[in-house]
Visitor: 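My questions will all concern the structure given below.
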Amino acid sequence: MATKAPRTDIDESKLTTSDPKKVAVGVPAVTHALLIAEQQAGVVRSARALLRVNQKDGFDCPGCAWPETDHRHIAEFCENGAKAVAEETTLRKVGPEFFAEHSLSELEQHDDYWLGQQGRLTHPMILDEGADHYCPISWDDALQVVADEIRDLDDPDQAIFYTSGRTSNEAAFLYQLFARGIGTNNLPDCSNMCHESSGSALNETIGIGKGTVSIEDIHGAELLIVAGQNPGTNHPRMLSALEKAKQRGATIIAVNPLPEAGLMRFENPQTPRGVLLGGTKLADQFVQIRLGGDQALFQAIGKHLLEIEERDGGVLDHDFIGAHTAGFEAYRSAMSETPWSELETATGIPEPKLRHVAEAVRRSGATIVCWAMGLTQHKHSVPTLREVVNVLLLQGNIGRPGAGVCPVRGHSNVQGDRTVGIYEKPAESFLAALDREFSFTAPREHGHDTVNAIRAMRDGKARVFIGMGGNFVSATPDTEVTERALRNTGLTVQISTKLNRSHVVTGRRAVILPVLGRTDRDRRGGGEQRVTVEDSMGAVHTSRGRLAPPADDLLSEVAIVTRLSALVFAGRDNAPQADWAALEADYAGIRTHIEHTVPGFDDFERRVDKGRTLFLPNGPRDARRFATPDGRAQFTVNPLEYPHIPEGRLLLQTLRSHDQYNTTIYGKDDRYRGIHGGRRVVLINAEDIAALGFAPDDVVDLVSEWRAPDGHIEERRAERFRLIAYSTPRRNAAAYYPETNVLVPLDSVADVSGTPTSKSVIVRLERR
Ligand SMILES: Nc1nc2c(c(=O)[nH]1)N[C@H]1C(S)=C(S)[C@@H](COP(=O)(O)OP(=O)(O)OC[C@H]3O[C@@H](n4cnc5c(=O)[nH]c(N)nc54)[C@H](O)[C@@H]3O)O[C@H]1N2
Ligand SMILES: Nc1nc2c(c(=O)[nH]1)N[C@H]1C(S)=C(S)[C@@H](COP(=O)(O)OP(=O)(O)OC[C@H]3O[C@@H](n4cnc5c(=O)[nH]c(N)nc54)[C@H](O)[C@@H]3O)O[C@H]1N2
Ligand SMILES: [Mo]
């Protein structure tokens, strides 16, 4: 039976701990997921939904962007995919009565857990200036309010169009067209806080901002390095792929400050072996690296390979280096100058162990490096990822079966959104294609990314904020600054499925436009619509929801954007020309526009028909073609960087628990890490607890100390965190996001990519 939403926020005094787990997944995990699904949606609806996850005629799992294999299991879902589905298929509803009962001032006091658990949004709502309650409004009036506000802007750059990565290709394509039709490239997205560093480094070095491997490559790799990623929680289906690679003889090296359960051992709930035999050991080597030490690690690997080449030969792929790369000599001489002692300091790993890792790389005939947020959210993330590329280029590990780069994406369609134009720095070729297709002139000046969007709102330069999904207020850094920034706008609009903090921290006026999610049936123009998504490996396929939506008149993301386009563009100069009503009635028309404007989508409709997969072209993977200025993959020289932690301070990484999806908190446990019933914890080395004069279980404030560019130290505070002794390198600590976002300074971003440094915050502990 479905149960009622929680009435109270998380009570941190109930927090307990147990020993961290050494194995991920297994039958208990699936049982746990079914329990959560059942509480939200009841047995029948849950079963119907879960049986359709990632099936050929079903919907794409909103959980993560890990690809499906070709032979999909009857139940190709994982615990956390099931939780993401449960979250959306819930029978709990948030409608006009809910907003009549709860004032904004009351909602503001609740935590993200309480807000998200209340249920699906069912009705368009408006918050008028000065009001303390949202009131119901008709769809037509709600859309008119938004359209009027946009038409009233003095300058189109006063509008911000944020996107989160669940939005379908079709909706995202129309949304970027809408922004550009108005005249702005202000299209920040969650990717700016996520894999932007990967895109920056890969574009520069191999000429494409995406990974170069397919799922078959993972299965066929000889060596997989998994760095800065916690797949047991965040990409559980990846564990099946690692297991398969392992069974074919692959070596796996896990690089992480924390011994994450999923990296160590895996019990596959979908095979008898996993259930009965205690699963597969995954990582052959665990490299417990210091936070931010990865650039040094990859330099160490490169240095060792070059030294052995010089001594014995036979290590490098000279044909590849000669034919396809540039910059090798400069890289070689830079590596010869880097002292081992500094590589040891940066990584916290002794030279012999570094060489041991490098030996595994030397022996491998096909190496893949997989990574996620542990590598992308540091100040020096772009140089770190360039260094990953350097190592792979040495042995020709790009564009060869079982080898390549594998940035593992987060949101299920974050990669697709970027492919179809959600980007504040669009390429000229794409804009020119839009101009031709829609008979207008798109703006050329680059727009704001996420951090710059916050600055623009803070400084009164942006007046309207529209969020296509996501939870901008909680996901972004420097929570207090961001909240003030949003309150500084005239109108905030949230196009969303569930209530979150971005609905209660608003501009002077606010509108909520509830939408259909992935699992919901979407009937438009007399037919059931499908949408398409792209996974982390460039495979595009359709997704179709089957369940009855939470309210009859919910619009889809596509319908909201087409209707807004019709209202805003009517009679406007230089507006994109399209039949908006026809696009709403049949999404195939949108796919035709995508085919005409985005390379690689030729014959789009036919190629995704009947559950087929369209593989987007990938130059480096398909033909060792590199779209860099000289047509070669680039070796780069990157002066070594790593965090310097002042005396008596810690370096804090902010990460996900097992029971959350970004800012959506499903539950209060982090089962694999042994944390139960609460979230305000700091995982910290036991010796540091003692050295700093504390005891385990002490409750402290975290005070972040940030040296601003002008030299003075800024402080930010997050209150009441419990100290938990945990296996992590000395002076490296970990705590959950979004509770700790208040500590991340807005100006502390990665060089080149502008990604907030969420894995690298200097803090001190203060006794309460
Ligand atoms: N269930 C669930 N699934 C998700 C999400 C979710 O919240 N919940 N979020 C989705 C999204 S948007 C994303 S981007 C992905 C995120 O997937 P992950 O990147 O796995 O997520 P994080 O929890 O941020 O974990 C970062 C990992 O990197 C390690 N790490 C931190 N700093 C460093 C470092 O300096 N070096 C190294 N080598 N390791 C480091 C941490 O210890 C941790 O294991 O997951 C996606 N899938
Ligand atoms: N400190 C710190 N901050 C971080 C990170 C970190 O590791 N540490 N990680 C960063 C990363 S990797 C990311 S990707 C961002 C995530 O940032 P966001 O993508 O902005 O945040 P989410 O929590 O994923 O957004 C959840 C909301 O999306 C809405 N939603 C869900 N499904 C749909 C849908 O189908 N359609 C629409 N329109 N809305 C929907 C719901 O209302 C839900 O409340 O956070 C970043 N922030
Ligand atoms: Mo992400």
Side-chain angles (χ1 to χ4, degrees), residues 62-66 78-81 83-84 87-88 112 115-116 121 162-168 171 189-195 226-236 254-258 260 262-263 287 289-294 297 371-378 381 384 408-414 450 467-477 494-503 513-520 557 560 643 651 653-664 666 728 732 734 736-741 743-744 755-756 758-761:
C64 75
W66 188 257
C78 65
E79 177 191 4
N80 277 340
K83 286 194 245 171
E87 194 66 22
E88 189 172 294
D112 288 288
L115 291 171
L121 293 159
Y162 176 70
T163 315
S164 165
R166 274 203 195 170
T167 295
S168 66
D189 72 341
C190 65
S191 193
N192 297 145
M193 299 179 271
C194 183
H195 266 293
V226 182
Q229 195 195 346
N230 178 21
T233 286
N234 297 315
H235 304 92
V255 183
N256 204 304
L258 307 179
E260 306 283 27
L263 294 167
V287 182
I289 197 166
R290 286 194 178 137
L291 284 170
D294 304 85
L297 173 70
W371 71 86
M373 298 305 98
L375 261 56
T376 63
Q377 297 176 332
H378 289 278
S381 282
T384 299
V408 183
R409 303 280 160 179
H411 268 302
S412 52
N413 196 41
V414 63
T450 293
M468 177 58 90
N471 181 1
F472 193 84
V473 168
S474 295
T476 52
Q494 301 297 338
I495 301 171
S496 41
T497 52
K498 304 279 295 267
L499 192 64
N500 63 46
R501 199 157 168 81
S502 300
H503 300 80
L513 302 175
V515 273
L516 297 175
R518 280 286 163 77
T519 54
D520 300 317
E557 294 172 341
I560 288 173
L651 191 65
Q653 62 152 321
T654 63
L655 79 184
R656 293 153 173 82
S657 82
H658 194 64
D659 270 2
Q660 76 182 84
Y661 193 91
N662 297 338
T663 69
T664 300
Y666 303 133
T728 172
N732 284 184
Y736 303 130
Y737 125 81
E739 286 82 350
T740 46
N741 285 39
L743 299 172
V744 186
T755 298
S758 309
K759 297 289 187 275
S760 188
V761 187

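Just so you know, ligand 1 is whichever comes first in the structure, and atom 1 is the first atom listed for that ligand. Source: prediction; values computed, not measured. One-based numbering along the sequence shown.
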Visitor: For ligand 2, does His411 get within less than 4.0 Å through its side chain, its backbone, both, or neither, judged by non-hydrogen atoms?
Guide: side chain
Visitor: Going by the order shown, which atoms of ligand 1 are within less than 4.0 Å of some heavy atom of Leu258?
Guide: 42 (O)
Visitor: For ligand 1, does Arg656 get within less than 4.0 Å through its side chain, its backbone, both, or neither, judged by non-hydrogen atoms?
Guide: both
Visitor: I'd like to know whether ligand 2 has His195 as a neighbour, heavy-atom separation below 4.0 Å.
Guide: no
Visitor: May I ask you to check if ligand 1 and Glu260 share an N or O to N or O distance below 3.5 Å?
Guide: yes
Visitor: One residue to check: Met373. Relative to ligand 2, which of side chain, backbone, both or neither has a non-hydrogen atom less than 4.0 Å away?
Guide: side chain
Visitor: To which protein heavy atom is atom 45 (O) of ligand 1 closest, and what is the distance rounded to 0.1 Å?
Guide: Asn234 CB, 3.3 Å
Visitor: Counting heavy atoms only, which of Asn662, Leu655, Leu263, Thr663 is nearest atom 7 (O) of ligand 1?
Guide: Asn662
Visitor: At a 4.0 Å cut-off, with the gap strictly under it, does some heavy atom of Ile495 reach an atom of ligand 2?
Guide: yes
Visitor: When you compare ligand 1 with Val255, is there at least one nitrogen or oxygen pair between them that comes in under 3.5 angstrom?
Guide: yes
Visitor: Below 4.0 angstrom, N of the basic side chain to O of the carboxylate: do Glu88 and Arg518 qualify?
Guide: no
Visitor: For atom 18 (P) of ligand 2, which protein heavy atom lies nearest, and how many Å away is it?
Guide: Tyr162 OH, 3.5 Å
Visitor: Would you mind checking which non-hydrogen protein atom is closest to atom 8 (N) of ligand 2, with the distance to 0.1 Å?
Guide: Thr654 OG1, 3.0 Å
Visitor: Check ligand 1 against Thr233 and write out every atom of the ligand that is under 4.0 Å from a heavy-atom position of the residue.
Guide: 1 (N), 2 (C), 3 (N)
Visitor: Measure the distance from atom 15 (C) of ligand 2 to every protein heavy atom, then report the residue, atom name and distance (to 0.1 Å) of the closest one.
Guide: Tyr737 OH, 3.6 Å
Visitor: Any N or O of Asn230 that comes nearer than 3.5 Å to an N or O of ligand 1?
Guide: yes
Visitor: Against heavy atoms of Cys194, which atoms of ligand 1 measure under 4.0 Å?
Guide: 14 (S)
Visitor: Out of Thr376, Val414, Asp294, who gets a non-hydrogen atom closest to atom 37 (C) of ligand 1?
Guide: Asp294
Visitor: Where does His378 meet ligand 1, judged by heavy-atom distances below 4.0 Å: at the side chain, the backbone, both, or neither?
Guide: side chain
Visitor: Relative to ligand 2, is Val515 under 4.0 angstrom through side chain, backbone, both or neither, heavy atoms considered?
Guide: side chain
Visitor: Can an N or O of Gly410 be found at a distance shorter than 3.5 Å from an N or O of ligand 1?
Guide: no
Visitor: Checking contacts here: is it the side chain or the backbone of Asn80 that comes within 4.0 Å of ligand 1, counting heavy atoms only? Could be both or neither.
Guide: side chain
Visitor: Where is the nearest protein heavy atom to atom 36 (N) of ligand 2: which residue, which atom, and how far?
Guide: Glu557 OE2, 2.6 Å
Visitor: Under 4.0 Å, counting heavy atoms only: does Asn471 come that close to any atom of ligand 2?
Guide: yes
Visitor: Establish, from distance only, whether the side-chain atoms of His195 and Thr376 form a donor-acceptor pair under 3.5 Å.
Guide: no
Visitor: Can you list the atoms of ligand 1 that are under 4.0 Å from a heavy atom of Gln653?
Guide: 30 (N), 31 (C), 32 (N), 41 (C), 42 (O)
Visitor: Could you see which bit of Asn500 sits under 4.0 Å from ligand 2, with heavy atoms only: side chain, backbone, both or neither?
Guide: side chain
Visitor: Please state which protein non-hydrogen atom is closest to atom 30 (N) of ligand 1 and give its distance, to 0.1 Å?
Guide: Gly374 CA, 3.5 Å
Visitor: Write out the residue and atom name of the closest protein heavy atom to atom 42 (O) of ligand 2, then the distance separating them to 0.1 Å.
Guide: Lys498 O, 2.8 Å
Visitor: Which is closest to atom 47 (N) of ligand 2 in terms of heavy atoms, Ala475, Ser168, Pro477, Pro756?
Guide: Ala475
Visitor: Nearest protein heavy-atom contact for atom 19 (O) of ligand 2: which residue, which atom, what distance?
Guide: Ser164 OG, 2.7 Å
Visitor: Out of curiosity, is Gln377 lining ligand 1, as in a heavy atom under 4.0 Å away?
Guide: no
Visitor: For ligand 1, which part of His235 has a heavy atom less than 4.0 Å away: the side chain, the backbone, both, or neither?
Guide: side chain
Visitor: What is the nearest protein non-hydrogen atom to atom 31 (C) of ligand 2, stated with its residue, atom name and distance?
Guide: Thr497 OG1, 3.2 Å
Visitor: Looking at ligand 2, is there an atom of it that comes within less than 4.0 Å of some heavy atom belonging to Glu87?
Guide: no
Visitor: Quick one: nearest non-hydrogen protein atom to atom 32 (N) of ligand 2, plus distance?
Guide: Arg166 NH1, 3.2 Å
Visitor: Which atoms from ligand 1 have a heavy atom of Leu291 less than 4.0 Å away?
Guide: 31 (C), 32 (N), 33 (C), 35 (O)
Visitor: Considering Gly470, Cys190, Gly467 one by one, which has a heavy atom nearer to atom 27 (C) of ligand 2 than any of the others?
Guide: Gly470
